[in-house]
Asker: 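Dropping the structure in here first, questions after.
First the proteins, then the strands, lettered A, B, ... as listed; each starts at 1.
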Number of protein chains: 2
Amino acid sequence: MNVDFSALTTTLSQHGYKLTRQRRAVVEVVAHGQTRLSAADVYAQAQRACPDLGLTTVYRTLEILAELGAIRRVHLDDGCEGFAPASAEHGHHLICSNCKMTIEFEDCDMRKLLDRVAARTGFKIEQHWLELVGRCPKCLQKAAARK
Amino acid sequence: MNVDFSALTTTLSQHGYKLTRQRRAVVEVVAHGQTRLSAADVYAQAQRACPDLGLTTVYRTLEILAELGAIRRVHLDDGCEGFAPASAEHGHHLICSNCKMTIEFEDCDMRKLLDRVAARTGFKIEQHWLELVGRCPKCLQKAAARK
DNA sequence: TTCCTAATTGAAAATCATTTTCAATTAGGC
DNA sequence: GCCTAATTGAAAATGATTTTCAATTAGGAA
Ligand SMILES: [Mn+2]
Ligand SMILES: [Mn+2]
Ligand SMILES: [Zn+2]
Ligand SMILES: [Zn+2]
């Protein structure tokens with residue numbers, strides 16, 4: 001389900017990127033991330049493994065990872081909420097509105113919908129962008145128990 | 001298809017907001033907007049009707065309009081791209097990747113998709129967030145003519 | 001209409017996230 | 001181990017958005 005740490009570091013070097021201590025630390029955090037992560041989040045977590053990490057490097061590394069398709073931006077109503085691990089080439093994210101836990105899902109059969117909108121508007125649709133927000137099982141359980 | 005100017009000003013005052021010259025100018029621009037608009041875009045256009053308009057007021061007014069559901073944020077891969085008029089209570093946007101022309105569409109029958117994801121993940125899905133990107137008819141035509 | 005007041009305004013300052021710059025460090029091919 | 005281009009972090013720059021605050025104003029009350 002999650003991005004694999006060593007697969008990612010391999011990908012990085014295959015693309016000519018050096019495997020620095022800083023990049024490893026960032027990849028480590030991203031690969032095991034269970035929620036969407038802002039640059040600051042990643043910075044805070046990765047610094048434990050790599051105290052002399054700079055926020056600048058976090059930004060730079062996240063950009064590389066996004067380019068490689070290992071992470072994807074996640075948005076909510078009020079703006080960009082950060083990045084989430086992306087294992088699937090074409091995946092979408094499902095975010096818990098309470099704890100922000102984030103899951104990737106792949107099947108998104110929207111052909112009919114897309115065809116309909118294309119026919120009606122005359123657009124040629126190139127990409128779609130879908131995000132779901134809801135309550136994760138844990139948060140549902142907690143809410144139920146509280147009553 | 002578009003948001004109605006006078007309907008919007010009425011809504012504003014019904015919600016206790018004063019109808020200032022500045023707000024009228026912003027609403028005017030938003031109501032007739034054919035593309036997604038950033039605060040700076042709105043500022044530039046609205047200033048023609050209201051030269052002493054301040055950017056601060058544009059931000060404040062856009063926030064109110066978003067609250068009232070008259071506009072909706074639009075995102076692209078690389079971040080928040082601004083606001084688009086939202087006439088439908090539950091609508092989504094279709095954006096031309098070339099000219100940024102933006103159209104709202106309402107039908108989004110995703111029940112099956114949502115049910116499937118919910119069943120698989122255990123999430124209780126509360127909202128979905130869908131955006132389509134493609135080429136608008138005009139841009140398609142131009143591209144075809146160029147060959 | 002005129003008055004009054006709370007809401008609204010714009011300029012300037014503050015804030016906040018992100019990007020750029022640049023000199024020092026370092027990964028990894030040789 | 002050496003060398004060099006890639007990488008790094010601190011600090012400065014940038015750019016968008018928000019806050020502050022004194023002056024203005026819309027619109028209800030008289
Ligand atoms: Mn999809
Ligand atoms: Mn929908
Ligand atoms: Zn949760
Ligand atoms: Zn177009």
Side-chain angles (χ1 to χ4, degrees), chain A residues 6 8-30 36-68 71-83, chain B residues 6 8-30 36-68 71-83:
Chain A
S6 61
L8 239 188
T9 52
T10 304
T11 305
L12 274 174
S13 51
Q14 278 174 347
H15 283 259
Y17 294 108
K18 292 186 178 175
L19 287 183
T20 63
R21 206 161 19 90
Q22 292 88 339
R23 282 181 180 158
R24 284 174 200 279
V26 168
V27 170
E28 179 77 38
V29 169
V30 164
R36 98 266 111 108
L37 294 163
S38 67
D41 293 335
V42 174
Y43 180 55
Q45 291 186 40
Q47 252 187 338
R48 288 185 226 141
C50 182
D52 57 335
L53 174 66
L55 182 53
T56 312
T57 297
V58 173
Y59 276 104
R60 291 192 274 230
T61 306
L62 289 177
E63 197 178 320
I64 293 171
L65 293 175
E67 249 174 52
L68 297 178
I71 58 178
R72 192 175 296 126
R73 273 172 200 281
V74 167
H75 304 277
L76 291 181
D77 281 358
D78 47 342
C80 183
E81 274 285 310
F83 296 88
Chain B
S6 61
L8 240 188
T9 52
T10 303
T11 305
L12 274 174
S13 51
Q14 279 174 347
H15 283 260
Y17 295 108
K18 291 185 180 177
L19 288 182
T20 63
R21 206 160 20 90
Q22 290 90 339
R23 283 181 179 158
R24 284 173 201 278
V26 169
V27 169
E28 179 77 37
V29 169
V30 164
R36 97 267 115 104
L37 295 163
S38 67
D41 293 335
V42 173
Y43 180 55
Q45 291 187 40
Q47 254 187 337
R48 288 187 226 140
C50 182
D52 57 338
L53 174 66
L55 182 54
T56 312
T57 297
V58 173
Y59 277 104
R60 291 192 274 229
T61 306
L62 289 177
E63 197 179 318
I64 292 171
L65 293 175
E67 250 174 47
L68 297 178
I71 58 180
R72 192 175 296 126
R73 272 172 202 281
V74 167
H75 305 278
L76 291 182
D77 280 358
D78 47 341
C80 183
E81 275 285 310
F83 295 87

Asker: Residues two or more places apart in sequence or in another chain: which of them pass salt bridge (Lys or Arg N to Asp or Glu O under 4.0 Å) with B:Arg24?
Answerer: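 Counting only residues at least two positions away or on another chain, B:Arg24 forms no salt bridge (Lys or Arg N to Asp or Glu O under 4.0 Å).
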Asker: Between A:Leu62 (CG) and C:dT19 (P), how many Å, whole number?
Answerer: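 After rounding, the reported distance stands at 10 Å.
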Asker: Look for any protein N or O under 3.5 Å of an N or O in nucleotides 10-12 of chain D and output each such pair with its distance, or none.
Answerer:
none

Asker: Would you name the heavy atoms of A:Leu37 and A:Val30 that are closest together and state the gap between them?
Answerer: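 Smallest heavy-atom distance, with atoms named: CD1-CA, 4.3 Å.
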Asker: Does B:Tyr17 have any side-chain contact (heavy atoms from CB on, under 4.5 Å) partners at least two apart in sequence or in another chain, and if so, which?
Answerer: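 For B:Tyr17, the residues satisfying side-chain contact (heavy atoms from CB on, under 4.5 Å) (neighbours in sequence not counted) are B:Leu12, B:His15, B:Arg23, B:Ile64, B:Glu67.
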Asker: Can you tell me the distance, in whole Å, between the CG atom of B:Leu65 and the C1' atom of C:dT8?
Answerer: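 Distance, rounded to whole Å: 15 Å.
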Asker: Which base, if any, makes a Watson-Crick or G-U wobble pair with C:dA23, both distances under 3.5 Å?
Answerer: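 Check on C:dA23: paired to D:dT8, both distances under 3.5 Å.
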Asker: Please round to the nearest 0.5 Å and tell me the distance separating atom CG of A:Leu65 and atom CG of A:Leu8.
Answerer: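 Between atom CG of A:Leu65 and atom CG of A:Leu8 there are 6.0 Å.
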Asker: Using whole Å, report how far OH of B:Tyr59 lies from C1' of C:dA13.
Answerer: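 Spelled out: OH on B:Tyr59 to C1' on C:dA13 is 16 Å.
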Asker: Who passes side-chain contact (heavy atoms from CB on, under 4.5 Å) against B:Arg72, sequence neighbours left out?
Answerer: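 Once residues adjacent in sequence are excluded, the partners of B:Arg72 under the side-chain contact (heavy atoms from CB on, under 4.5 Å) criterion are B:Ala86, B:His93, B:Glu104, B:Trp129.
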Asker: Whole angstroms only, please: what is the CD-P distance between B:Glu63 and C:dT8?
Answerer: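 Distance check: B:Glu63 CD to C:dT8 P gives 13 Å.
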Asker: Under 3.5 Å, which protein N or O atoms sit close to an N or O of nucleotides 24-27 of chain C? Give each pair with its distance.
Answerer:
residue: C:dA27; atom: N3; partner: A:Lys18; partner atom: NZ; Å: 3.0

Asker: Can you tell me how far P of C:dA7 sits from NE2 of B:His15, to the nearest Å?
Answerer: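 From B:His15 NE2 to C:dA7 P: 17 Å.
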Asker: State which residues pass side chain to side chain donor-acceptor pair (under 3.5 Å) with A:Gln22; sequence neighbours excluded, sorted by chain then number.
Answerer: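 Once residues adjacent in sequence are excluded, A:Gln22 has no partner under the side chain to side chain donor-acceptor pair (under 3.5 Å) criterion.
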Asker: In terms of the nearest nucleotide of DNA chain D, which residue is placed more toward the 5' end: B:Tyr17 or A:Arg23?
Answerer: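 Final value for this comparison: A:Arg23.
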Asker: So, using side chain to side chain donor-acceptor pair (under 3.5 Å) as the criterion, who are the partners of B:Ser38 when residues are at least two apart?
Answerer: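 For B:Ser38, the residues satisfying side chain to side chain donor-acceptor pair (under 3.5 Å) (neighbours in sequence not counted) are B:Asp41.
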Asker: For residues 42-51 of chain B, dump all side-chain donor-acceptor pairs below 3.5 Å to protein atoms at least two apart in sequence or in another chain.
Answerer:
residue: B:Tyr43; atom: OH; partner: B:Gln47; partner atom: NE2; Å: 3.0

Asker: Run the side chain to side chain donor-acceptor pair (under 3.5 Å) test against A:Arg36 and tell me which residues pass, sequence neighbours left out.
Answerer: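 Per chain and number, A:Arg36 pairs via side chain to side chain donor-acceptor pair (under 3.5 Å) with A:Glu81.
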Asker: Roughly how many Å is it from CD in A:Gln14 to P in C:dG29, rounded to a whole number?
Answerer: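 Computing the A:Gln14:CD to C:dG29:P distance gives 13 Å.
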